[in-house]
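Supplied in structure tokens, the structure appears directly below.
It should be emphasised that the depicted structure is a prediction, and the values quoted were computed from it without experimental measurement. In what follows, residues are counted from 1 in the order of the sequence shown. Counting convention: from 1, in listed order, for ligands and their atoms alike.
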Amino acid sequence: MPIVAQTEKFFPLKGWGEVLAQSVRSSDELLAALELHLENLGNGLSAARQFPVLVPRPFVERMRKGDPRDPLLLQVLPLAAEDQLAAGFTVDPLGEQSTNVETGVIHKYHGRVLLLAASGCAVNCRYCFRRHFPYNENRLGRSQWQSALEYIAQDASIAEVILSGGDPLMLQDERLAELVEQIATIPHVQRLRVHSRLPVVIVQRLTEQLTDILTRTRLRSTLVLHVNHPNELTPEHAQRLALLRQAGVTLLNQTVLLKGVNDSAEVLIELSEQLFNHHLLPYYLHVLDRVQGAQHFDVSSSEAYALYQQMLAQLPGYLVPKLVREEAGQPHKTPLHAF
Ligand SMILES: *Cc1c(COP(=O)(O)O)cnc(C)c1O
Ligand code: SF4
């Protein structure tokens, strides 16, 4: 018998938890894997202390070796630029720390609530608006689930529950199943939405059990992934997402517009086309939330709008995401307009 076949038999494909446990957790390790030298990049040691490096290996494997400008690397590598302060960039740009956090529910928009289902993520994205969020004070234990579910049950205007975090797919399937079942017992809730980046960086997270959880409920389910660059997608994503779609889950994507990563019409157009090839429809293209430490990713509104117009000119309408910004105090995400 060939050795390869035997090896496969005894070492099946790793589960997502195992892949996550083996993540890269320091800049040095990340740079060594890519054969890069730190001096080239500016030292982000204090940034890394404040918001640690965390990158699953399959995501590292999609980066180009020896390229300090790799669009995937730039999203996860701490840089000294993060320590600079810039006017208008704050620790809580969305004012979330004052919106109902004690219940693990953020209720800003009519008809839908965000449930902070898990506190951690599988990847720490340097531009993240949650990098300063006091997760540990807002972790949802079972008793907090209860008060969050009571909050939802008491407001009949809530038709949709959005599982967010952190990353809600950090929950084990068993706990997720339990949570979805509990949400489904609230009669006025019709829709379930899961916002996650985890399956982008660890595709094994798209388990059969996850498909079951999202389809064996009376709720209509949508999964919104968070892909920023076409290089993040693999054939394995297409295969596993096809199964979710066949089972009836609506599949969308949101992207953050990031300088140096995806701020070109060519990349954004390629991204939309690749999303479609991987069974995802573009939903939102967000301009960056003005969070302290992420100012070097900022693309101006006028540049963003110019890119959006190029997308409109070259793509079918259903492959053009809505270009939006999130503004504290507004009743919905705010579309960007021409100036
Ligand atoms: C983005 C967001 C939503 C979802 O908004 P949609 O426009 O429905 O995608 C809901 N609640 C909060 C707090 C949000 O930030
Ligand atoms: S919340 Fe999303 S963008 Fe922020 S660190 Fe987690 S995965 Fe990255």
Q. So does C125 have any N/O/S atom less than 2.8 Å away from atom 6 (Fe) of ligand 2?
A. no
For Y284, the atoms of ligand 1 under 4.0 Å from one of its heavy atoms are 6 (P), 7 (O), 9 (O)
Under 4.0 Å, counting heavy atoms only: does R193 come that close to any atom of ligand 1?
yes
Point to revise | Electrostatic pair K259:D263 at N-O distance under 4.0 angstrom | key: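 Salt bridge flag = no for D263 with K259.
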Ranking V224, L114, D289 by closest non-hydrogen atom to atom 13 (C) of ligand 1, top hit is L114
Enumerated ligand 2 atoms positioned under 4.0 Å from heavy atoms of V123:
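Contacts of ligand 2 toward V123, numbered from 1: 5 (S), 6 (Fe), 7 (S), 8 (Fe).
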If you compare H110, R112, H332 by their heavy atoms, the one closest to atom 8 (O) of ligand 1 turns out to be R112
Of M170, H226, H195, the residue with the heavy atom nearest atom 2 (Fe) of ligand 2 is H226
For T215 and A247 the tightest heavy-atom approach is CG2-O, 3.2 Å
**Asked** Hey, any chance V256 and V267 share a hydrophobic cluster, counting ILVMFWY side chains that come within less than 4.5 Å of each other, even indirectly?
**Response**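 They do not share one cluster, since no chain of ILVMFWY contacts under 4.5 Å joins V256 to V267.
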So Q172 and W16, do their side chains get closer than 4.5 Å, heavy atoms only?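 A side-chain contact exists here, since the closest heavy-atom pair is under 4.5 Å.
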Problem - Residues Q254 and H286: side-chain donor-acceptor under 3.5 angstrom - result: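 Per modelled atom types, Q254 and H286 side chains form a pair under 3.5 Å.
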Query raised in the report: Short N/O distance, under 3.5 Å, between K108 and ligand 1?
Result: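 No; every N/O pair is 3.5 Å or more apart.
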Honestly, for I162 the part within reach of ligand 1 (heavy atoms, under 4.0 Å) is side chain
Next on the checklist: List ligand 2 atoms under 4.0 Å from C121, heavy atoms only on the residue side.
Outcome noted: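 Answer, ordered by atom number: 1 (S), 5 (S), 6 (Fe), 7 (S).
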K333 to ligand 1: N or O pair under 3.5 Å?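 Yes; the residue has a nitrogen or oxygen that sits under 3.5 Å from a nitrogen or oxygen of the ligand.
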Review point. Just by modelled atom types, is the L268 backbone N or O under 3.5 Å from a matching donor or acceptor in the N262 side chain?
Key: no
Distance alone, cut at 3.5 Å: any donor-acceptor contact between the side chains of S196 and R205? no
Inset, instruction - Under 4.0 Å from a heavy atom of I106: give me the atoms of ligand 1 that qualify, with their elements. - result: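 So the atoms of ligand 1 that pass are 13 (C).
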Exercise. Does ligand 1 have an atom under 4.0 Å from some heavy atom of E160?
Worked result: no
Atoms in ligand 1 with a heavy atom of Y283 nearer than 4.0 Å:
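With Y283 as reference, the close atoms of ligand 1 come out as 6 (P), 7 (O), 8 (O), 9 (O).
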Note to self: Could you check whether E29 pairs with R57 (Lys NZ or Arg NE/NH1/NH2 to Asp/Glu carboxylate O, under 4.0 Å)?
What the structure shows: yes
Which of L115, V224, L252 passes side-chain contact (heavy atoms from CB on, under 4.5 Å) with R193? It is V224
